[in-house]
Amino acid sequence: MAHRNAQFCLELGQTDCVYKNKINNMINKEIAKILHEMAILLEMKEVSFKPRAYEKVASVIEALAEDVEEIYKHGGLKALEDIPGVGRSIGEKIEEYIKTKHIKEYENLKKEIPVDIEGLVAVEGIGPKTILRLYKKLGIKTRNQLEEAATEGRLAKGGFSKKTEENILKSIGFLKKEHGRYLLGEIMPVAQIILERIRSLPEVRSVEFAGSLRRMQETVGDLDFIAFSDKPAEVIEKFIKFPEIQDIHSKGEHKTLVRLNIDTDADLSVVSPESLGSALIAWTGDKQHNITLRTLAEKKSWMLNDYGLWQGKTLLASKTEEEVYKKLGMDWIPPEIRNNTGEIEAALEGKLPHLIGYDEMKGDLQIQTNWTDGKNSIEEMAKAASELGHEYILITDHTKSLAMTGGSDEKRLVKQMDEIDKIQKKFSDIKILKGAEVNIMPDGTLDIDDETLAKLDVVGAAVHSRFNMSEKDMTARIKRAMENPNVDIIFHPTGRLIQKREAYKVDMDELLKTAKKTKTVMEIDAFPDRLDLKDEYIRKAVKLGVKLSIDTDAHSVAHLKFLRYGIAQARRGWAEKKDIINAHDWKTMLKMLK
DNA sequence: GCCGTTTTCGGCCCGACTGTTTTCAGTCG
């Protein structure tokens, strides 16, 4: 995957740019994997309904920010059962895994059908039934064995066609290339180009992103587009000839699935403009959001599908998303929060938050310059930020203990403040605030003295070393920094780099409580591989009334544009304008600090 | 196996596309 990221890495200014799938929340991932495999094993045995229950709970646990082991430690089996989708039976299985690292029922199922499920289902077009057939008829247990059999043309003995054999080999070939999910900020520019190309087709009335791209998820596995046209077949025919398209998986009159030349798939659905609202709903929400909506319709004896909300053959609503949601008795739900985590209930009660808008930000509070590891000067950053419409920026170069960046000491910080005063005179339309990204030392003290910090407009503090401390020590370390009256914001509070470095262990509930008590702001770092805080923590912060900032952590003028990814992250955490300090003018913002 | 404005039993989202068994099961999103 490294080569694919080369260009992006360059843009990010990172030297170490080998993206790997690192595992956060180890135990959640392990349990989710087992539950997912159990779903497939039960499906093979044609057990009804259980597979769906296991599938659902596996995805819930995989997305959980909190460790199930912690949940169990604090509240036992009962707390596990509070997790949506977990009942007595699955709760006990999770308990069993925490205690013994085994789940008996899973192991029994595996004994019966001893195949590498994970490896085989990854192959496009292969599901539970096909795995079972491959095993029973040909004794195939692994992807390697499947590839061998297909290469040697042995699949025919299992009743598979030549065509199927070819498709399997093609898909395995794809899997051999390194690929994975893209960071949102990495894929968005590519997606935008394709979107514009679709939009330019004369047959296309309008086109939108769908799926995880429209939900602005942290990472995106494939690109979903939905176009509105009265001539779907013509749109599909033109789309498959786009230069980005390398291969066609499937192509029908309304839908096509293709592989792009950047080693990822793209989906295009073309529907009539009459169905715009219902189609967008169907293709945007995650699976559980859609299931909940459709179940809701079902309860009213209606039916919700891609083409509208129906009472028998009567169309109740379809043209706009608002109309369909309204008919279902709820407010329009912003795409970013369509993931079945309470948004439907809130929409039914008219209690959805007024999410922070993409055009509501007034400033950027984390900006590095060429005084340390940034590429551009203070003046260049100020000019670029002003052109983006910012009313203010905060200059936050690194401090002395981060030696590799040439971090400033007290003397140099004072010098930089003088420099900012000089540069400010050249700008009337942007306020350049004085700050720093101060290092939090392992004991929780800072590497700049309080006297100097007091002179700065805003002080950000962050952990940049000793990531492997115990949770207890790391929590105490950051709490101590928060208790310093000069520290206004904790930058990138968990230190994670998506797909690259896991977050350090920290008790976020405790930190948020301390943030509330000390009036310390928590940052949402908008840099595409950080997005730190993550959405679940943002929701907790919002609930507690902890203030947040959205900053780019820009190290060059190009990075200033990353702000939208931080706003998306804030929206996914249900944050409103009142929660975000730099959605306010600089004087008000300063008053919101401790 | 889970869940509840049909609350402790009786339900469980919906449709497109593929390959083939040519009417439908399997897979996918």
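Lettering follows sequence order; numbering is per chain, from 1.
- We find that A:Glu66 and A:Lys540 are joined by a salt bridge, their nearest charged nitrogen and carboxylate oxygen being less than 4.0 Å apart.
- Counting non-hydrogen atoms of other residues, nucleotides and ligands closer than 6.0 Å to CD of A:Glu118 gives a total of 12 or fewer.
- For A:Lys238 and A:Glu203, the salt-bridge test passes: some basic side-chain N is under 4.0 Å from an acidic carboxylate O.
- Searching all strands for a Watson-Crick or G-U wobble partner of B:dC9 with both distances below 3.5 Å returns B:dG4.
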Dump the intermediate steps for salt bridge (charged side-chain N to carboxylate O under 4.0 Å, His left out) on A:Asp230 and A:Arg205, then the final yes or no.
CA-CA 8 Å; A:Asp230 294 317; A:Arg205 205 79 78 81; 2.8 Å; yes

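- A:Leu531 contributes atom CG, which lies 10.0 Å from atom OH of A:Tyr565 (distance to the nearest 0.5 angstrom).
- Among residues two or more places apart in sequence or in another chain, the salt bridge (charged side-chain N to carboxylate O under 4.0 Å, His left out) test is passed with A:Lys110 by A:Glu37.
- For residues 119-139 of chain A, the salt bridge (Lys or Arg N to Asp or Glu O under 4.0 Å) pairs, not counting sequence neighbours, are A:Glu46-A:Lys129.
- For A:Arg564, the side chain to side chain contact (heavy atoms under 4.5 Å, CB included) test picks out A:Met188, A:Gln192, A:Met216, A:Tyr358, with sequence neighbours left out.
- Among the heavy atoms of the strands, none lies under 4.0 Å from A:Thr292.
- With distances taken from any side-chain atom of A:Lys50 to the nucleotides B:dG1, B:dG26, B:dG29, the minimum falls on B:dG1.
- Separating the CG atom of A:Leu280 from the C1' atom of B:dG29 is a distance of 15 Å, rounded to the nearest angstrom.
- A cation-pi arrangement is present between A:Arg197 and A:Phe242 under the rule of less than 6.0 angstrom and at most 45 degrees off the ring axis.
- Comparing B:dC17 with B:dC13, their P atoms are spaced 22 Å from each other, to the whole Å.
- When the P atom is used for both B:dC12 and B:dT6, the distance is 13 Å, rounded to whole Å.
- B:dC2 atom C1' lies 14 Å from atom CD of A:Glu55, rounded to whole Å.
- We find that CD1 of A:Ile131 is positioned 11 Å from C1' of B:dT27, with the value rounded to whole Å.
- Ion pairing between A:Arg338 and A:Glu321 holds under the 4.0 Å rule for side-chain N and carboxylate O.
- To the nearest angstrom, C1' of B:dG29 lies 16 Å from CZ of A:Arg338.
- Screening A:Thr341, A:Ile344, A:Asn340 for a side-chain contact (heavy atoms from CB on, under 4.5 Å) with A:Gln288, the sole residue that qualifies is A:Asn340.
- Within residues 83-101 of chain A, the residues approached by DNA chain B to less than 4.0 Å at the level of any non-hydrogen atom are A:Pro84, A:Gly85, A:Val86, A:Gly87, A:Arg88, A:Ser89, A:Ile90, A:Lys93, in residue-number order.
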Under a 4.0 Å heavy-atom criterion, the protein footprint on nucleotides 10-18 of chain B, written with B, S and -, is --BBBSSSS

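- One C1' atom belongs to B:dT7, the other to B:dC2, and the distance between them is 13 Å to the nearest Å.
- As rounded to the nearest Å, B:dT21 and B:dC14 have C1' atoms that lie 24 Å from one another.
- Distance A:Leu296 CG to B:dT5 P: 10 Å, rounded to the nearest Å.
- Rounded to an integer number of Å, the gap from A:Leu132 CG to B:dA25 P is 17 Å.
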side-chain contact (heavy atoms from CB on, under 4.5 Å), that's the test. Do A:Leu280 and A:Val324 meet it? Break it down for me.
CA-CA 10 Å; A:Leu280 269 180; A:Val324 177; over 6 Å; no

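- If A:Gly159 and A:Gly125 are placed on DNA chain B by their nearest nucleotide, the residue sitting closer to the 5' end is A:Gly159.
- For B:dT18 and B:dT5, the C1' atoms lie 41 Å apart once the distance is rounded to whole Å.
- Taking every heavy atom of residues 33-45 of chain A and every atom of DNA chain B, no pair lies under 4.0 Å.
- Atom OH of A:Tyr54 is separated from atom P of B:dC2 by 7 Å (rounded to the nearest Å).
- Within the nucleic acid shown, A:Ile126 comes within 4.0 Å of sugar-phosphate atoms alone, with no base atom in reach, counting heavy atoms only.
- Between B:dT8 and B:dG1, the two C1' atoms lie 14 Å apart (nearest whole Å).
- Taking atom CG on A:Leu80 and atom C1' on B:dC2, their separation rounds to 15 Å, with Å as the unit.
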Kindly indicate, with the supporting measurements, whether the criterion side-chain contact (heavy atoms from CB on, under 4.5 Å) is fulfilled by A:Ile98 and A:Lys73.
CA-CA 10 Å; A:Ile98 292 168; A:Lys73 240 188 250 169; over 6 Å; no

